[in-house]
Structure formats: C-alpha cells, structure tokens
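Letters A, B, ... are given to chains in the order of the sequence lines, protein chains preceding strands, and every chain is numbered from 1. Only a predicted model underlies this, so the values are computations on that prediction, with no experimental measurement involved.
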Amino acid sequence: MKDKLLEFIENQDRNGMITFLQALTIEERRSLVPEIEQYDQLYDDDKEKKRAPGAWDKRAVNNIAAFVCFPPAEAKKIWRWRMPKPEELDKILPWYCPKDFGDYQFLRSYEYLIKWEQAGYLSLTEEEILFTLPASILKPIPGNRGRHYTLEAIEKYPITLDEHIWYLFYAPSNVDWADKWLADNKDKKETKGNWCDTFIKYTSEGRIDRMRVLRESLQTANRNFNKTQTGWFVDLFMALEPTQEELLNLQDELFSALTSVWSKPVSNTMKLLKKLAADQNFRINGFLPSLPILLSSEVKSVVTTTLAVLEVLLKKHKGHQTEISINLCTAFLTKDEAVQKKAGELLVKYAQPTPELKDLLATYVEHLLMNTRTLLKNYLPDTEQAVALTPEEPIIELRKLISDENKIPELKSVEDFAFFLGQAIDLSEPFHFDHLLNNLIVWGNEIKEEELVLLEPIFQKVYKTLGKWESPKLDGMAHIALTNYGDYLIQKFSGKLTKLAKMKEKYAAIELKRAQNSKNYKKRAVNIEERDVSIYLKGFHQIAIEAVDRIKKQHKLPLLSTPTHLPVWIDASVLVERLVMYQQQHIAPVDMDMQLAIQRCALEETGEALQKARKQLSGELKELMIFLLDTSAIPQGAFAHLAWWATVALTRLSSQISTKLQESEYKRIPQECFTGNYQWVVFMEDYMTYEYNPEIRGYDSYPAQRAKVGMNTPKCEYNEDEHPLFYEYLLQDSIQSEPVDFLFGAIPNNPDMLLSQLTTYFANCDMWGVGEQHIAFQVARVLQESNTPFREMHYFSFACLLLGKAKTCQDYAFSIWLEKVSADTLDSCKLGKVLGKLESLELFPLKRLTDLMTASMLRVSDKHNKALFSMIESLLAELKPQPIKNLKKLLEIYKELLALTKEKPGAETIKQLNIWTFESNLKKVIKQILK
Amino acid sequence: MEDLLTYQYAMPSSLVKKGNAEELFLAKYSEIQKNTDAPCFFWGNVKNPFIMARCLITLSNIVKSSFNMSPFQMALLKDPIVTAGNSCVRFEGFSHCAGVYARVDVLPDGLDGEFLENGTTNVDFNQPMLMALGGIRQNENVLLSIGQKEVGLHLEGEKVIERKVPLPTKWIKGLSTVQIYLSKAERVHTFNKIQTQQLFRGIPKGQVKNDYYLVVRGNTPMFTPVKSLNAICVGGLHRLRLLEPLLPYIDKMQVFPHPTMQSTTWQLYFGDVRFSFSLSRDAWRGFSGEGAALEALINDVSDEWIDALDKYAYANQAFNPTLFAIEEDMAFDTVDNLTARLAAMGLLGFDLDENRFFYRRLPFKLNRIMSLNPRMKGANKLIEDGKIEIISQTKGRVEARVEGSGVRHTVILDEKGERCTCEWYSKYQGERGLCKHVLAVKKLTK
C-alpha cells in the first residue's frame, strides 16, 4: 500500500491517487499517515529535492493523500497551499467529506463553494460569499495568467442572483477590485464585461430588480464602506442611467446620500438634484434640511452645485425664499470669491435686508471678501463700518531657551536612578542617551549590595532588546554601555548578582548560536570600545567609552555635554561651572564631550555665564568660553585645541576664526558653514518616466523633465585621518534614515547644514512617504524652536514646508509664520523671494500655498496682512514671464490684500503684471489690481 | 472561545407613520432586565426630532467607526445603550475601537411624555431605521417609544430578532472607564457655531498621525501641531470629523480637556439636546486599555451596596455619595473614592454640565464587567500566589518586591506617587493606569 502511494506520487498521478484512496478503508488511510508525513518532511529538509523538476507536482499528489488520510483534527491545520485544489476536492468530496469541512483551509472559490453548499458538504457564511463572489466572474484562462469574464458561476444556481448578489450592497467586499482587475486585463476582447455590466445586463433582462439595485447603490453611501468602494457604487448607479421618474421615486435615498462622509456620493447626488430641482414633483421640503451641510461643505463643487440648485428653487418656490436666504449665509464660510459672489447675488436678488438677516450676516463679516462686502453693502448692519476689517492681533507667548519650565529634573537617590534607567533605555527623548551615560557615572557606584535588586528588570530589558534581530537604537550604544556596567557590577559584588550573571550567560549562548549561523554576525555583548558604530555616531561613541571608563574608575565627574534643559540645551552657566570643576580637579575635557557641550550651549542671556567664565576659568578654556558667550569677542590665546575653537566658530557662526582655521586642517570645512550663507538652486532635470501600458502589461518609458532643487554649497567631506570634528561626523552617512531629532539635538545652534541636506531630500520627493514627512516635521520643529533670526537655510526649509505635501507640516509652518510675524522676526520679502524661486519652476503646486493663504493666512491681523502682502510681492517678482498654474488665485489674494492693507502695487509688481496682462485668464484680475 | 453577547429584540426598531405623526420605536434588550420591568421606558413626543435624529445618526456612525480595526471586525456592530429616567433620555455608544465615546442627552424640556419605567437598555439600531431617521424633517411630529408600550402589539409567533456579537469587552470596559475621565475634565472653551465650523475646517484631511493642539489666537480657535502653554492636546484629530454633520445645527460647542490631556470632550449644544463626544489620548489607544478605573477597583464593593443602589437610585438620578453612605450606614472613609469605584463597575455615568455622576447601570452582567480587567486579575493572582514581599511599610512609604518572570520588580509607594521597575511603568510612567504589581501592593497594604 505504501509503495502504491509512493508510486502515484512519483508519477505525479493525481487522478490515480484519488481512485486509490477511495478504495481504502479508514484504517488503511490512517496507516499511510506516517509515510505521507515522512515524504513531506523529506522535501522540507532536503533543499536539492525541493528544487528538483516536478517536485511541486509530486508534493501536490502527496497533499491529496494528506487531506484524505489525516485525522480531521490534523487535516484542518494543513495550510491552504498544501491542500488539494478545488477541482480535486470536488472529486473527493462525494466519497469523503469530513465533518466541519467548511473549517478546512482550502482555496476559496465561489464556483465550488456554492456547488458544495448545494450538495450539503458545507454551509456558507455571508463573509465567505462576500469574499469569493466578486471574483466569480473572472475565470482563469488556461496557460495564461489572465482571466476572462464569464457569468457561468453566478447563473448556475438561482440563489446567487436571488440572494447572494445583494450581499455586495451590505458589507465591504472586493467588488471594485474585480472590476479594476478586468480593466487591466490584456485580452480586452475576451474580457469585455465587469460587475457594472453584469448589473446592467440582469436589470435590463428583469432578472434582478432594477429599482432595488438603484436604491441599494444609493444607500451604500452611508454604510461605512471605504472611499473607493463607496465611489464604485456611485459609478454603478450612474452606469444604470436612472430616468427622471426613477430619480423622483428615489428622492428619500438621494437626500440621505447627501449626509455621506465621502464627497463623491454628495457631489454626484447634487448633480442629479440639479436636474430634478425644476421638476414639479421635486420634494423641496425633503431637500432643504440638508442645506446647512451642503453649503458648509469644504468641497467647492458641492457648494457651487448647491447654489445652482438654490437658484432654481428660489425662482420657483417663493414661499421658501426666507428659509433659503437664511441658509445661504453658510456659504460665506467658504472664502472662495466665486462662491461668495454667487451666494451674495442670490441674496441681493431674492432676499430683503431684514434686521434678522442683517444680524445673521453680521456674524459672517470676518469671512466676507472685500467684493462681497461691497455687494452686500445694504445687507450688512449699519455698524459694520465700525467692525474691524481684521481681528485683533493674536497674543504670542515668547519662549526662553532656559527656564524653569523646560528644566530637566536631576536624580536625587539610587531609587530615582533605577527608575530613570528603566525609562531612559527606550531612548524616547533626545536627552535620554546623554542622561543615561551621565547618571551611570554619577550614580553607578552609589548602589549598595541590597539595592542591586532594583536593577534586575533593567538588565533583563537590556538583554531582551539586544537579543532581538533588529539593531537597537543608536547602534545599541546605550544597551552595550549598560551591559558593560552590569559586568562591572558582577565583578564588584562577586557572587551576589546571580540573576544578572544568568542573563549574561543566556545571552552569550544566543550570540554564539547566531555567530555559528552567520559569518557576518557582529556580537553585541562586547566592550563598548569594540562596538562598531555608524559614522554619525562616532562622536557619541567616544563619550560612551569615556562614561564606561569613569564608572570603572569610580570617577564621578559629570559629562560636560549632558543637557540641562529640554530638548537638549545646556545652561551656559552650568557649562562654565562644570568646566570650573574640571579645572579644579585638573581633568582635561574629553574631546568629543567638549565639542558636543559647546554645540549645545544655550546662547541666550549669557551675561551671568560670561562673568563666571571670566572670573573662575583660566587658560584656553577661559578664552574659548568668552569667544563662545560674547558675540563681540575676538578669539585670543593659544589654540591648543583647534577643534574646539572650530566648533565654537561653527556654533556661533563666526568667521573670525576662519583665518586661523584656514591654515589648519579645518580649512576643508566649507565657508558657508561658518556664515550660514548657503547657495542653492532650482533647475530642470532630465529623467526617464514610466507609465503602465495595459496593452503590453508592462511599462513604457519616455524622457521627461522635472524641477529639482540642489545645493551649491559642498557637503562636509570628512577624513578619519584628519581629526574630524563632532560636527563633521554628524553630517556623514545617509542621514535621512537616522533619528533626525537626535541629530538636531547635537547641533541646535547651527543646524543649517543638516537643514540643507534634509530639506533638499524631502523637497525633491515632495514628502512622499511617512519617513519623509517625519523628517519634514522634525525640520519644522527645529525652525519653531529657533530663537535666532532666520538664515538662508531656515528660509529655504520654511518655504518648502509651506509648499510641501504634508498638511501637518504646512500647519506647523503656518504657526511659525504667525508667531514670527507677530514678533517681527521674519523677513517677509526674503521668504517671498525664496517661495518665488521655488515656484519659478513649479517645484511644488502653488495651489497648496494659495489654499493655505485663503484658509488661514489672510486676515489674521493688520500686521499679518501687510507681511503677506510683502511676501506675495517678492514672490511675484521671482516668477518667469510664462504664468504658472494657479497664478490667478494668487493674484486674487493679492487683490484682496490691496483692499485690506490700502497699499498700492509696487513698481516691480506692476512690471510683472504688465507682462501677464495678455493672458486670457489673468486679464480680468490684473485689470482690477491696476485700476 | 470568545464569549458571545446575544442581543434579543422582540422586533426591530423602526420609524413608522401613525396618523399625523411618525413613531420612532426603539426595541430594547438587557441581559440584566429586572422582573418588574415595564415593557416601555419612555413614550412621548420629542420636541426637536430633527436634531435628535441627526444626533442618533451621528451616534450610529460613531458606533460603526473604527480607527484601528479591520473591516471584518467592524462588521460586528454593537448596539448603543439608552438610559431613560429622571425626565431625560440618554443614548450612549462607543466607536468599535473604544477610542471615541459619544452620548446624546435629550433633556427634560426636550421631551413631552411619560416615563413608565426607568433603566438602561441596549437598543436595536438597524440600517432601515437609521435610513428612516435621515428622513425626519424639522417641525415634524415624532413620538419616541423606548420599548413597546402595548405588549399586545407584539404579534404572537413573530420572529424575535437575535444578533450575536463577540462580547464587546473593550466597549463595556470603555463605557465604565470614560466616566472617570469625564469626571476629571474641566470646561476650558466655549465656541459659537461659526467659530466651531471654522475650527473644524482646519482639520487636515486623512489620518492625522501627529498630536495637534487646540489654541485660541485672538478670537479664533485653531488646531496647530505646535505645542504651547495652555494648549489642549488632541491625538488622532481626524476622529473629530465624525462630528462634522452636526456642526451646521449647533448653538455652541464647549471643550472639556482632562487635566493631563488623557482625553478631550467636545460637547455640542442644540437647545434641549446635547451631544458629548470624548476622544481618547490617541487613535490607537482605547479608553478600555487606559486603566483609569483600576485603582478604584482595588477595594471590593459589596453586593449589598449594589443592591442598595439599585433600590435607592433610579436611572439618570444624580448620585450623592454622602447621602448614600448615610442611608447604608457606611463609614465616611469608605465613601472616599466610592463614586469612582461605582463608575468603574458600570453603575454611574457622568454629566459634564451638571458636574456630577448620575445613576446608570450598564445593561450587562456585573461579573462580565468585573472580569474585564486583566491587570486587576493579574494583581489578584500575584497576591494569591504569594509573590509579593513587603520590605517596609511606614507612614507615607511602602516598599515591596514582586516576583516577576525571571526577575524581582520593586514597587515603591511614597509622596512621589507609585513607581515600579516593570516595563509597563517604565514605558507609560503611570499615564495609562497602574501596573498589576502596584495594584497588588496597594491592595495588600490598603
């Protein structure tokens, strides 16, 4: 029997196997189980056998045997791809149908499921029907990966059209996907038809109820389907071409569709209602309650169609004019000129300026555009003139870099230390890494034997994280420092840390196994100095090495670079105090620690620190700190640690040191890094674009051009042999994928180079993915937290954020604009110039900016209006003679600002406008501006 | 196997034309139905049926929505619950993911009818009824009937509507937890209709992953991703869009943040109807997992108290813990935290405008509610297994070791609050409720 089994397998004889198994008794089938399992195992273990020709088919024959011979409990667990094919099951089920066959994991196909249900082999659930029915009209084409359209399966059993087909309207399914699949199919001739066609066919033949299809399609608008599927049912409804009479009968459903969360059913329904509005059977009372929702819609087409419908209704139903007029005011929430104009005209034509209407309109005054105000002059309350054109100036809080609010609390006890380690090891805040190292130095040797238990969970977490496949954050430096600390404790309290020793042992075994399995595996449980880290982390690595060394030497002097205030600032006074401590103890600062401390020093209100430095420090450190803290100071003294002086120059953006540096190895650092005057350019790039061609089921390629932005300032080139600066290490590697907030946290005073690299990156891909948007968000955060006047790269990043795809980043940029304009710390002309440069080649769609202006930037306050006016003037000056898309909208906003600020167009702007004056779509608005 | 909750309704809810009026009949079902239950909780006119209908549609959309679940899970809808009594009717529901809570309060002046009985029940929200609700117009005459007034109307032999859904564990847990958040929230802003509509227009399209902050600049409220002092933090801002269909009809909106921004409540006012909408800290966080109620559950509440509460209070009645203590002859120190405990057990709801709890017993078996807190169960197990060692207990400070898997955790209760060396505490720093180790130590040393 076993030989027979193997014979069928080896011959790849599926039918033979089925006949063979049918003839066996249950006991005989069970006796074959070990053989079947062994055969399967053989293939799993032997890679050669697995890849041999015919292996797949042989296994498929074995799978048939497995299904029939395994006890049901085992067979149920067989994976779907190891189950017999549906056509094979179809041959088996008449003589062997296990109980609960429906629970088996076979390939679901509607054609067979319905057949087997009718035969009583299983009972179908609604979910299964929904899951399989959509693909039932796609039949695989033999010898081809394609499929063709067929109604064979759904016409076979009446229940499909009587019942199952309606399920598609009640719960989510793949019905839209099936249609898309057919649309992409290459054999168009063969595949003519889709689900839409299917419904059209059966409704026209009277096989299914046409009115029901229409009604149910409309009702899907409120059934919590996703956007695509809701849209598909709208398309189905339209494809059925409902008649005027049918639409009149479906008014309840149409009105109900107006409350859909998706815009497609709403805008589509409004188009239909536009046709119905004039009909005498149109139920105006059913429609009017939806007006507040429709007129406050953020989709412009919905508002404009509603206004068009209202125009018809106002003409026809005089009795409803007051109700409609009151609702019309809602349209003024939309700051679109055309919408406001239309709504205003309807009011003027059909409504009387009653006190009630005037009162109502008064609440919308802030939202009315200047032209609308003129149009509705008689409808606005008399006191309107007294109403300020713009709201009061928003109050903006000014933050300080160093304050009690953002002070990072210090630990007070060993208990605090233990709880802090548990929190900091996740490295969820940029300062956690530095504080973890520093607290190890300060508190690591304070722990007593009886307190060691406090650390057990931390070490467990550290080893657990190291044991995962993915590398821990920051190349595992924090975790490795802790394991080193653990090793030190094991030694210090010999024999007292059995649990920790066991954890260490267990982890060592894991590493050993991994090292045996992979030659490239790099051990993580090493001494910190042996750990290879990414280039950008090398500065931090040196600090971590120093920290572990100090623990071992029981030397509690704190690190210089430990932040004192959030996010990563060091209070200048504290830094001076730390340096004084170092001098008193005759300890030389560690190179990278010193550089990082300089980079993080808060250069705001530095008087007290400067005084302390002058009084309490001496030698090079004194001169260095004076140069850092006093903007008027000139570098003096012996430059024993040139790297520190270079770091100070970079931190406070001073080129005064450059003469000295030019003679040194640091001449390699681009001058722009010391001045902030980076050079960038927008250009057109040639590239090959690809487009999917369904005819060939492949991609066509053709040359195209696209706008790109690039930096003229070269990147810092670093050379390990030339004593790189912390700053240089940080800007190496493909930094896009690194923890951006951590990087910015190392150079908060001079992030310009990082801004240039990151902004160029996210601007050129228009923040296309979550990762890029995260980077852009971090850039926005850095700009917002910056207390210094914006430099070139700040403006560049800021402009890209205002124009970029991610709304969150744009909102962030808007908030920055609001604050900076209020505080008079933003050069609007400069910002406009940068925006104009980016828009001169349309690197981003201008619409994003005009939408933001309309929705938020316009009418914040008089000051903001003036800033916006200057910004637009500078932007326009940068544009090319060929008008860019959406320029008209920008000019409309400019026109509105002229009225609001009572300014006159500048000479440059007039020159530009005269160039565009012959453009047909701009002619009118330019004339209005220049009148 | 997952526990099932079976809704059994005598007939489906419906909106039917009866003479000049429409009758909104809501079929009810409670698994803890009292024997004395009258067939109908409320029967009478609704003064603003249009607004109530819109609010109920929004409530049903919230119940249907999910911000972190698959479509299949979403298909298993839970029915909202209704509390009728003390002259008002409240409809409550949760989003499927338990991160959004909503309640429609129809206040006494908004109703004109009789309360034949008081209590809380599930009500059948079916699609045809919701569709019909969409058809209710302003100034229409609508009768509301929660339960069936005349038993005779129910035809013999008519099929009972039965719907099985997996026991909505998160839902029930969330319903009890959110009341504790509500009780701590305070009103910070009031906006008129136009301000509110303008504010909502600023919500970015699609899913919002970053936190946003509600700030008021000049006279204009706005959402911004920039954190600032006094700003109200809102995670998963897009969830607010569920309220959009109601905004054109509101008189005003008030915002009630939790003191540590663990939730925000947005209350819409429409004359005699109120719509409360509470958001959890983030879209991926349900109220159910927050553990705010856990501390309240450390002390057991005796069955007698629950019976007493059942006898003494009626639905929607304001709950007065002091009075309750006097009636039940309880020591006043026991009354401390009593409201939170009862809310955590699903016996109380919270009214933000009145700023007090009201009696409302969730229509689920109490043992279900009590069995839903895995952390509490874990804590009890630690105690049962003797895994807690109290190292020291002095006034104001407790130190204990708790045996964990492979390590010993240290729990310290002192003036700084409670701290534990476990991963849960390290990660959330107590923001999402106490860990099982702290709970166990607290229970043991109470």
So what's closer than 4.5 Å to chain B heavy atoms on [X]: side chain, backbone, both or neither?
X	answer
Phe459(A)	neither
Lys506(A)	neither
Thr334(A)	both
Thr259(A)	side chain

Winner by heavy-atom pair count (cut-off under 4.5 Å) against chain B, out of [options]:
options	answer
Gln773(A), Lys807(A), Lys461(A), Gln784(A)	Lys461(A)
Leu291(A), Leu333(A), Thr330(A)	Leu333(A)
Thr363(A), Asp426(A), Leu288(A)	Thr363(A)

What residue, out of [options], has the most heavy-atom pairs lying under 4.5 Å from chain A?
options	value
Cys420(B), Gly206(B), Cys422(B)	Cys420(B)
Thr410(B), Leu247(B), Thr421(B)	Thr421(B)
Pro204(B), Gly404(B), Gly202(B)	Pro204(B)

Electrostatic pair [X]:[Y] at N-O distance under 4.0 angstrom:
X	Y	value
Lys227(B)	Glu785(A)	no
Arg397(B)	Glu415(A)	yes
Glu451(A)	Arg401(B)	no

For the side chain of Gln423(A) and the backbone of Ser426(B), is there at least one donor-acceptor N/O pair under 3.5 Å apart? no
Report yes or no: does Arg201(B) contribute a side-chain atom to a donor-acceptor pair with the main-chain N or O of Ser296(A) at less than 3.5 Å? yes
What heavy-atom pair brings [X] and [Y] nearest, and what distance separates the two atoms?
X	Y	value
Thr808(A)	Tyr212(B)	CA-OH, 3.1 Å
Pro289(A)	Tyr249(B)	O-OH, 2.9 Å
Ser815(A)	Thr224(B)	OG-OG1, 2.5 Å
Pro457(A)	His409(B)	CG-ND1, 3.5 Å
Phe419(A)	Ile412(B)	CE1-CD1, 4.0 Å

Taking atom types as modelled, find out whether Asn210(B) and Tyr812(A) have a side-chain donor-acceptor pair closer than 3.5 angstrom. no
Checking heavy atoms, do the side chain of Tyr213(B), its backbone, both or neither come under 4.5 Å from chain A? neither
Kindly check if the number of other-residue, nucleotide or ligand heavy atoms within 6.0 Å of NZ (Lys427(B)) is above 12? no
First locate atom NZ of Lys464(A), then atom CD of Glu423(B), and finally report the distance between them rounded to the nearest 0.5 Å. 4.0 Å
Checking Tyr364(A) against Ile194(B) for the side chain to side chain contact (heavy atoms under 4.5 Å, CB included) test, could you report, in this order, the C-alpha distance in whole Å, the side-chain angles of both residues, the deciding distance, and whether it holds? CA-CA 8 Å; Tyr364(A) 288 90; Ile194(B) 298 174; 3.7 Å; yes
Evaluate Glu450(A) against Ile391(B) for side chain to side chain contact (heavy atoms under 4.5 Å, CB included), listing each step before the verdict. CA-CA 12 Å; Glu450(A) 63 274 17; Ile391(B) 304 294; over 6 Å; no
I want to check something: taking the side chain as every heavy atom from C-beta on, are [X] and [Y] in contact at a cut-off of under 4.5 Å?
X	Y	result
Val407(B)	Met503(A)	yes
Ile293(A)	Glu244(B)	no
Gln195(B)	Glu366(A)	no
Arg419(B)	Asp416(A)	yes

When you look at His774(A) and Lys209(B), which way does the side chain to side chain contact (heavy atoms under 4.5 Å, CB included) test go after all the steps? CA-CA 10 Å; His774(A) 173 72; Lys209(B) 293 207 172 74; over 6 Å; no
